[in-house]
Number of protein chains: 2
Amino acid sequence: MTTIKDVARMSGVSISTVSRVINDSKPVSPEVRKRVLEVIEETGYRPNEVARSLVTRRSYLIGVIVNDLSNSYIAEMVKGIEEVGRMYNYDILLCGSYYDREAQMNHLSLLNRKQAEGIILIGYHFDDELIEAVKKNTKHSMYFTRDIKNDTIDHISINSFLASAEMTKYLIGEGHSRIAFLSDFGESSTHEHDKIKGYKEMLKENNINFSKVYVAEGRRYNDGYAMATEVIKDLGNVTAVFCTNDELAIGLINHLFDDGYKVPDDISVVGYGDYKESQHVRPTLTTISEPFYDVGAVTVRTLIKKIEGDKSARTTIELPYCFMERNSVKNLN
Amino acid sequence: MTTIKDVARMSGVSISTVSRVINDSKPVSPEVRKRVLEVIEETGYRPNEVARSLVTRRSYLIGVIVNDLSNSYIAEMVKGIEEVGRMYNYDILLCGSYYDREAQMNHLSLLNRKQAEGIILIGYHFDDELIEAVKKNTKHSMYFTRDIKNDTIDHISINSFLASAEMTKYLIGEGHSRIAFLSDFGESSTHEHDKIKGYKEMLKENNINFSKVYVAEGRRYNDGYAMATEVIKDLGNVTAVFCTNDELAIGLINHLFDDGYKVPDDISVVGYGDYKESQHVRPTLTTISEPFYDVGAVTVRTLIKKIEGDKSARTTIELPYCFMERNSVKNLN
DNA sequence: TTGAAAGCGCTACCAA
DNA sequence: TTGGTAGCGCTTTCAA
């Protein structure tokens, strides 16, 4: 590996001068600059960023701790983070923790030792202990979550209360008055709590007494599939099911289909999240789209502002959702 | 930030000794060790990995250059890379290049300057120029591709010729003799070429004269959806369509469904890739599963072996595929 | 405009 | 078992 020393020697100048031409930090005479540049070209010299980091105390490294990269919405966020981070010359060190607290702690420690300048946490829920550790060890951090019981850390989120209310309102507008909500784990998280609240309040606002919350075993396709047996029992009594996420909705629709029921003729189903699949199911799924790429982009942008000392950077941000009308709802009017 | 110097001063020993207890590199008397450890605990001292890297000349950094992180199979590979890499104490620096050659070159240069110890390229196709640059600038690299016209770089792949032949054989076994192949861009890539070859050779082997290759505009859902008009014209003449990827297959199936045709009753459809959606379509899609998590895991494992000087590490690896029989094929026997 | 030299935080060698 | 010290590759004063 060629070093700055080699370049200096070969071009007959001091390493200070070489440093100056590399960084354009101080005036260098044209002839000297030219000579140095030639040597750099010849040797293929590239400055060692590790050494540079050591002296400048800057790593341009942003750590991303993520629970599960195989969720497509998380991958989309990471994409936003990576792309925008790179625009500002920051690199992304990816850490997958798979819901393991110990792993999260290890990653945090590692990122600190690697001199990461900021940390982004992505996930529905992280442990308070972790959040405390992040606040304590890291200068700058951002947190994407739906479970905001902890307002002491800067975060970005989407207003799921409003989104849920809007979806419910749409269903009512289509003439539905017997609407059920299919939840993943009940009201165990703030996020889910907000959605159910949005659903119930909109019902109340429209003087609808009927409400019903199904609670599935989990949040995956299979859980939705399994819940269909419950839904089928209520057929006729319930005319629409609002699922807390698209995967659940697709599982439900498929089971309904497999048992010979038709969506939306026999029952309407809507989802939340606008997963890619939602356009591919039959019927296509009416849902709420959340701008995950943008969430990632805004998150990293904000973090970088903080890193670079912008005091005006907003620290809690709410991004808008988008209502996607497709074909899984029957108009009862 | 506490440094090794501070710890040394506060515990009344030399920095050499502190270094020894941190790294367990040389014997230290129990009392001294205890004292140092206490100071470390108190101060929350964490060794600066940047400084460490500079002197040890090791970064434990693996760069991953990936075209598009939003492909779920790529995300799955990255997951495998990350998880296994971490087991061996390596970190992953993620670089998304979105098919932009200049970006790829920049990433490569950056990774070199950051002293990355190895590089993994993931994508269907990378430019020869890039591959040359990787070989020239980087000590160790691995390349995941289907388009292996360049055998001079270590790579990992999956034998799509065999996979395609097996799928064709299965169709024949189910009594189909008028089987079409739905390709994405025709034989433009080695990968696609291999698949079509597998399809045709298996046909020939079974003395079937009929063969037909549809070429779609691209490889996405919409392209498959659009191709359905062609397929519908051939209904009756063609009894099964082998799609080069699941997304195409799902698009095709959906259009067929939208036009009132039934799969597999009116026509059988199979895919390739085992995308997550393939279990959610109706009918569920018979396809070929490729072990992307494993691909990532094996890739990074091999790279690390090379980094750590294991001469016996195999440099070109072929991973097995897996045939997934589901419900999109009608038995004609 | 240039060079010499200090020092970033650490490891590893040599002596004691 | 310990401490002193050179040096990793670079940036950045300070003087010239």
Side-chain angles (χ1 to χ4, degrees), chain A residues 1-37 39-40 43-61 89 109-117 137 139, chain B residues 1-37 39-40 43-61 89 109-117 137 139:
Chain A
M1 271 282 78
T2 324
T3 73
I4 196 172
K5 245 184 200 162
D6 302 322
V7 177
R9 191 171 27 74
M10 293 173 72
S11 40
V13 297
S14 71
I15 60 169
S16 323
T17 303
V18 177
S19 174
R20 282 170 198 130
V21 351
I22 297 169
N23 299 301
D24 246 337
S25 49
K26 288 262 171 98
V28 173
S29 71
E31 316 87 69
V32 174
R33 146 166 279 112
K34 181 160 173 288
R35 193 141 35 88
V36 172
L37 254 19
V39 173
I40 289 180
T43 56
Y45 165 73
R46 296 276 168 266
N48 180 332
E49 293 294 336
V50 173
R52 206 176 238 180
S53 282
L54 185 59
V55 32
T56 59
R57 292 145 178 287
R58 301 237 28 199
S59 65
Y60 288 95
L61 212 54
N89 266 309
S109 158
L110 178 94
L111 289 170
N112 275 116
R113 284 184 282 122
K114 285 253 183 195
Q115 312 300 109
E117 301 194 40
N137 292 301
K139 271 241 181 70
Chain B
M1 272 280 78
T2 325
T3 73
I4 196 171
K5 247 185 199 158
D6 302 320
V7 176
R9 192 171 26 74
M10 293 174 71
S11 42
V13 297
S14 71
I15 59 167
S16 321
T17 304
V18 177
S19 174
R20 282 172 198 130
V21 351
I22 297 169
N23 298 301
D24 247 337
S25 50
K26 288 262 171 96
V28 174
S29 72
E31 317 87 69
V32 173
R33 147 166 278 112
K34 184 161 169 286
R35 192 142 35 89
V36 171
L37 253 19
V39 173
I40 289 179
T43 55
Y45 165 74
R46 296 275 167 266
N48 181 330
E49 293 294 335
V50 173
R52 208 176 236 177
S53 283
L54 186 58
V55 31
T56 60
R57 292 146 176 290
R58 301 239 23 202
S59 65
Y60 288 94
L61 211 55
N89 267 309
S109 158
L110 177 94
L111 289 170
N112 275 116
R113 284 183 284 122
K114 286 253 182 195
Q115 313 300 111
E117 301 194 41
N137 293 300
K139 270 240 180 72

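Throughout, a chain's letter reflects where its sequence line sits, starting with A, and its residues are numbered from 1.
When each of A/Val36, A/Val39, A/Ile40 is tested with A/Tyr45 by the rule side-chain contact (heavy atoms from CB on, under 4.5 Å), just one qualifies, namely A/Ile40.
Atom pair B/Tyr45:OH and C/dG9:P shows a separation of 10 Å (rounding to whole Å applied). The CZ atom of B/Arg113 sits 12 Å away from the P atom of D/dT11 (whole-angstrom rounding). Note: CG (B/Leu54) to P (C/dG7) measures 17 Å, nearest angstrom. Counting to the nearest Å, the P atom of D/dT11 and the CD atom of A/Glu49 are 8 Å from each other. Residue A/Ile4 contributes atom CD1, which lies 18 Å from atom P of C/dC8 at whole-angstrom precision. The distance between atom CZ of B/Arg57 and atom C1' of D/dC8, rounded to the nearest whole Å, is 6 Å. We find that CZ of B/Arg35 is positioned 9 Å from P of D/dT2, with the value rounded to whole Å. Put simply, CZ on B/Arg58 is 18 Å from C1' on D/dG9, counting in whole angstrom units.
Residue contacts shown for B/Ile15 include a base, since a base heavy atom lies under 4.0 Å away. Within 4.0 Å (heavy atoms only), B/Lys26 reaches no atom of the nucleic acid at all. Heavy atoms of B/Ser29 sit under 4.0 angstrom from primed sugar atoms or phosphate atoms, though from no base atom. In this structure, A/Val50 reaches neither bases nor backbone, as no heavy-atom distance under 4.0 Å exists between it and the strands shown. At the heavy-atom level, B/Arg20 lies under 4.0 Å from base atoms of the strands shown.
Here the nucleotide nearest the side chain of B/Pro27, chosen from D/dT11, D/dC8, D/dT1, is D/dT1. Nearest nucleotide to the B/Ser19 side chain, out of C/dT2, C/dT11, D/dT11: C/dT11.
At a cut-off of 3.5 angstrom, counting only N and O atoms as typed in the model, there is a donor on one side and an acceptor on the other between the side-chain of A/Ser16 and the base of C/dA4.
In terms of phosphate contacts, A/Thr17 brings a side-chain nitrogen or oxygen within less than 4.0 Å of OP1 or OP2 of C/dG3. The phosphate of C/dG9 (OP1 or OP2) has no side-chain N or O of B/Thr3 nearer than 4.0 angstrom. For D/dC8, the OP1/OP2 oxygens have a side-chain nitrogen or oxygen of A/Lys5 closer than 4.0 Å. The phosphate of C/dC8 (OP1 or OP2) has no side-chain N or O of B/Asn48 nearer than 4.0 angstrom. Regarding contacts with the backbone of D/dT2, every side-chain N or O of B/Ser14 stays at 4.0 angstrom or more from both OP1 and OP2.
In this model, a donor atom of one side chain and an acceptor atom of the other lie less than 3.5 Å apart for B/Arg52 and B/Asn23. Side-chain contact of B/Ser16 with B/Ser19: a donor-acceptor pair under 3.5 Å is absent, judged by distance alone.
Between the side chain of B/Asn112 and the backbone N or O of B/Asn137 there is at least one donor-acceptor pair closer than 3.5 Å. Here the side chain of B/Gln115 pairs no donor or acceptor atom with the backbone of B/Ser59 at under 3.5 angstrom.
Of all heavy-atom pairs spanning B/Leu61 and A/Lys114, the tightest one is CD1-NZ, 4.0 Å.
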